[in-house]
Amino acid sequence: MNSPNQPLPTFDEVLLCTPQTTAEQVGLFLRRCLINCSGGEKIYTMLYADELSYDVSCRAEELFQRLQRYNSSYRLIILCNCEREHSYIPSVFSQYKVPMIPQRPLTEIQQYLQHHYRVAQPSNSAASVFKDNMCVGIVSSKRAGVGK
């Protein structure tokens with residue numbers, strides 16, 4: 001985010017973890033990250049790794065320990081909920097823990113995202129639904145089940 005021209009992460013750089021995430025999905029992600037075929041340019045991110053099941057977490061750690069020997073220049077970020085810091089993955093990687101504090105003001109972050117999510121030529125697209133021709137948006141309600 002140092003420059004508005006820097007691209008957003010691609011689909012292969014991010015793994016959004018849930019309790020249903022399988023060991024195979026995590027394994028494929030770790031192999032992409034730790035087997036040096038992209039020249040070390042990509043930054044890989046596991047989001048909510050604390051939500052992985054215990055079995056999947058153990059297998060992920062095992063695979064990580066095996067693969068990291070082959071590549072010392074990998075770039076991996078593991079983001080976890082601070083309220084679940086005692087689950088398996090945050091505990092295993094606690095020696096590398098860095099408290100995350102946004103380095104940019106919220107308005108700057110919003111401008112960066114607007115730059116990347118704005119549809120240049122809105123021609124009868126779904127982007128016309130969202131403010132300022134954005135191709136993404138958040139729809140929320142304080143009341144549950146009102147047809148969002």
Side-chain angles (χ1 to χ4, degrees), residues 1-123 125-140 148:
M1 204 183 104
N2 292 330
S3 162
N5 298 329
Q6 285 182 313
L8 291 169
T10 58
F11 70 94
D12 65 329
E13 293 176 87
V14 178
L15 179 65
L16 179 60
C17 301
T18 67
Q20 290 75 36
T21 302
T22 65
E24 181 182 8
Q25 291 170 316
V26 176
L28 289 171
F29 178 78
L30 289 174
R31 282 180 179 85
R32 278 195 303 264
C33 172
L34 296 168
I35 296 175
N36 196 8
C37 56
S38 66
E41 297 169 4
K42 294 184 175 190
I43 300 173
Y44 293 88
T45 306
M46 288 179 70
L47 298 170
Y48 305 116
D50 52 292
E51 293 203 13
L52 294 172
S53 70
Y54 181 79
D55 180 50
V56 171
S57 296
C58 290
R59 291 174 65 188
E61 181 211 0
E62 218 173 82
L63 181 62
F64 177 83
Q65 297 298 338
R66 270 193 326 230
L67 293 177
Q68 78 167 0
R69 295 182 208 141
Y70 301 109
N71 181 6
S72 61
S73 63
Y74 62 89
R75 298 165 81 182
L76 174 63
I77 298 170
I78 301 174
L79 295 175
C80 300
N81 183 339
C82 64
E83 294 174 4
R84 295 179 44 95
E85 67 183 338
H86 298 296
S87 43
Y88 192 86
I89 292 288
S91 296
V92 166
F93 293 97
S94 63
Q95 64 190 11
Y96 306 107
K97 182 178 174 181
V98 176
M100 187 185 84
I101 299 170
Q103 299 296 312
R104 305 276 189 204
L106 178 60
T107 55
E108 205 173 307
I109 294 169
Q110 289 171 333
Q111 288 171 352
Y112 173 80
L113 292 173
Q114 285 175 351
H115 173 75
H116 287 285
Y117 286 120
R118 183 168 285 124
V119 175
Q121 303 291 345
S123 56
S125 73
S128 62
V129 174
F130 295 110
K131 182 180 175 183
D132 298 327
N133 297 323
M134 293 292 146
C135 62
V136 296
I138 297 174
V139 178
S140 65
K148 295 184 283 296

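Considering only residues two or more places apart in sequence or on other chains, Arg66 meets the salt bridge (Lys or Arg N to Asp or Glu O under 4.0 Å) condition with none of them. Phe64 is linked by a ring-ring contact (aromatic ring centres under 6.0 Å, His included) to Tyr74, Phe93, counting only residues two or more places apart in sequence or in another chain. The side-chain contact (heavy atoms from CB on, under 4.5 Å) test applied to Leu113 returns Leu8, Ile109, Tyr117, not counting sequence neighbours. In terms of the side chain to side chain donor-acceptor pair (under 3.5 Å) criterion, residue partners of Tyr88 (sequence neighbours excluded) are, by chain and number, Glu61. In this structure His116 satisfies the ring-ring contact (aromatic ring centres under 6.0 Å, His included) test together with Tyr112, sequence neighbours excluded. Residues passing the side-chain contact (heavy atoms from CB on, under 4.5 Å) test with Gln20, sequence neighbours excluded: Thr18. Ser91 meets the side chain to side chain donor-acceptor pair (under 3.5 Å) test with no other residue; sequence neighbours excluded. With sequence neighbours left out, the salt bridge (Lys or Arg N to Asp or Glu O under 4.0 Å) criterion links Glu85 to Lys97. In this structure Leu16 satisfies the side-chain contact (heavy atoms from CB on, under 4.5 Å) test together with Leu47, Tyr48, sequence neighbours excluded. Listed by chain and residue number, nothing satisfies the side-chain contact (heavy atoms from CB on, under 4.5 Å) test with Gln95 (two or more places apart in sequence, or in another chain).
Note that the SG atom of Cys33 and the CG atom of Leu28 stand 13.0 Å from one another [nearest 0.5 Å]. Note that CG of Leu76 is 10.0 Å distant from CD of Gln68, once rounded to the nearest 0.5 Å.
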Please list, one pair per line, the donor and acceptor atoms closer than 3.5 Å that link side chains of residues 51-60 to other protein atoms, with sequence neighbours excluded.
| from | atom 1 | to | atom 2 | distance (Å) |
| --- | --- | --- | --- | --- |
| Ser53 | OG | Val56 | N | 3.3 |
| Ser57 | OG | Ser53 | O | 2.9 |

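Contact check for Cys17 versus Met46: side-chain heavy atoms found under the 4.5 Å cut-off.
Using modelled atom types and a 3.5 Å distance limit, the side chains of Gln110 and Thr107 yield no donor-acceptor pair.
Sorted by first then second residue, the salt bridge (Lys or Arg N to Asp or Glu O under 4.0 Å) pairs that include residues 3-12, not counting sequence neighbours, are Asp12-Lys42.
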